[in-house]
Structures are given as C-alpha cells and as structure tokens.
Amino acid sequence: MLVRDGALDPSAHPKERVLAACPDSPERGDAWHWTVSRVDSAAPERGWSVRVAVDEDLVSAEHVVVSEPGEQVLTRNGGEELVVVAERGRQLIQDATGPWLRWLEAGDVFVVEGEEPERLVLTAGTDSRFSVVRLTPTGDQPLRWVP
C-alpha cells in the first residue's frame with residue numbers, strides 16, 4: 001500500500017502526522033498495535049524525522065535510517081510488516097522477482113504485509129534518505145494492516 005505525502009492533511013497535526021497505524025483509525029474499535037509518525041523539527045533546517053510507537057505486548061519494532069545511495073535488499077518474513085518512509089530524495093521499491101515497482105518521493109509511505117516471506121529491492125539516489133520500520137509480532141498471530 002502506497003500513501004503519497006500530498007494525501008496527508010498537514011493541518012490535522014502540524015508538528016506530528018500519523019503516516020501509518022494499526023488500526024488506521026480509532027473508529028475501527030480494534031486494539032492499537034503500532035503507529036509510525038512524521039515529526040517536524042522545531043528547527044526548520046533540520047526537517048523532519050520518523051517516530052515509531054508500539055504496544056510491546058503485541059509488537060516489536062526495528063527502525064533503521066538509511067542515507068547511502070544504491071540498492072538495499074529488504075527481506076520481510078511471513079507475518080511481519082515493513083513500513084518504508086521516503087524522507088528525502090527519490091527511491092524505487094520493487095519486488096525482487098519483478099511483478100511490481102513503485103517510485104517513492106519524499107514523504108511517501110509504503111506498507112508491506114502478508115503471511116508469505118517477501119524480498120524487496122529499494123534503490124536510492126545520491127541525495128536520498130529513508131526509514132525502514134520492521135514490525136514483528138511478539139506472539140504467534142501474524143500482523144495485519146488494513147488501510
């Protein structure tokens with residue numbers, strides 16, 4: 001699932017905006033599992049960063065920020081979710097075996113989930129920066145994300 005930065009409403013939370021969450025809204029009535037947010041810096045020249053919050057009884061999170069150009073192979077195990085946030089520059093994300101690809105611009109978010117393992121290739125330009133958040137269930141139930 002790809003969410004473009006322009007689709008987000010900056011007036012809703014001027015300092016922090018939810019990029020992706022499970023559940024995606026309180027109206028669903030489901031128990032909260034995790035949230036990935038964009039947090040604006042108090043100093044405008046510093047831009048913004050990604051914040052991850054999880055219910056540690058249900059989910060563990062690994063958050064890595066990458067700013068090196070070139071290819072990065074991302075492996076998602078069955079039941080896990082990956083949230084890729086383009087922070088700066090342009091990146092290409094694609095399935096390693098080829099049936100799909102998407103270009104990510106700064107502020108875009110790409111969420112990948114499923115019960116089968118998956119290998120993705122993310123190719124970043126020279127002035128790119130992106131966050132990869134790996135969300136892993138702490139129990140035996142796979143994580144789900146419904147936009």
Original post:
How about His63 and Ser131: do any of their side-chain heavy atoms sit closer than 4.5 Å?
Top reply: yes
**OP:** Give the intermediate values and the outcome of side-chain contact (heavy atoms from CB on, under 4.5 Å) for residues Arg129 and Val65.
**Re:** CA-CA 7 Å; Arg129 176 182 160 119; Val65 178; 3.6 Å; yes
Subject >> Beyond-backbone contact of Trp103 with Gln91, side-chain heavy atoms, under 4.5 angstrom >> reply: no
**OP:** State whether the side chain of Thr138 and the backbone N or O of Leu58 hold a donor-acceptor pair below 3.5 Å, judged by distance alone.
**Re:** yes
Subject >> Heavy-atom side-chain contact between Trp48 and Arg17 under 4.5 Å >> reply: no
Original post:
Can you list the steps and then say if Glu81 with Arg76 is a salt bridge (Lys or Arg N to Asp or Glu O under 4.0 Å)?
Top reply: CA-CA 7 Å; Glu81 295 173 318; Arg76 185 191 56 74; over 6 Å; no
Subject >> Minimum side-chain heavy-atom gap Leu104-Ile93 below 4.5 Å >> reply: yes
Original post:
Of Leu120, Val133, Leu74, which is the lone residue that meets side chain to side chain contact (heavy atoms under 4.5 Å, CB included) with Val84?
Top reply: Leu74
Subject >> Salt-bridge contact Glu16-Arg38 (side-chain N to carboxylate O under 4.0 Å) >> reply: no
**OP:** Could you pull out the closest heavy-atom pair between Ala61 and Val52, with the gap in Å?
**Re:** CB-CG1, 3.9 Å
Original post:
Looking only at heavy atoms, what is the nearest atom pair of Phe130 and Gln72, with distance?
Top reply: CZ-CG, 3.7 Å
Original post:
Can you list the steps and then say if Arg51 with Val36 is a side-chain contact (heavy atoms from CB on, under 4.5 Å)?
Top reply: CA-CA 6 Å; Arg51 177 180 299 160; Val36 176; over 6 Å; no
Original post:
Hey, does the side chain of Ser128 reach the backbone of Arg90 with a donor-acceptor pair shorter than 3.5 angstrom?
Top reply: yes
Original post:
For Thr75 and Glu118, does a side-chain donor sit closer than 3.5 Å to a side-chain acceptor?
Top reply: no
Subject >> Ser67 side, atom OG; Arg88 side, atom CZ - distance, nearest 0.5 Å >> reply: 6.5 Å
**OP:** Could you tell me which residues satisfy side-chain hydrogen bond (donor to acceptor under 3.5 Å, both in side chains) with Thr97, sequence neighbours excluded, listed by chain and number?
**Re:** Asp95
**OP:** Over all heavy atoms of both residues, which pair between Val109 and Val83 is shortest? Give the atoms and the distance, please.
**Re:** CG1-CG1, 3.8 Å
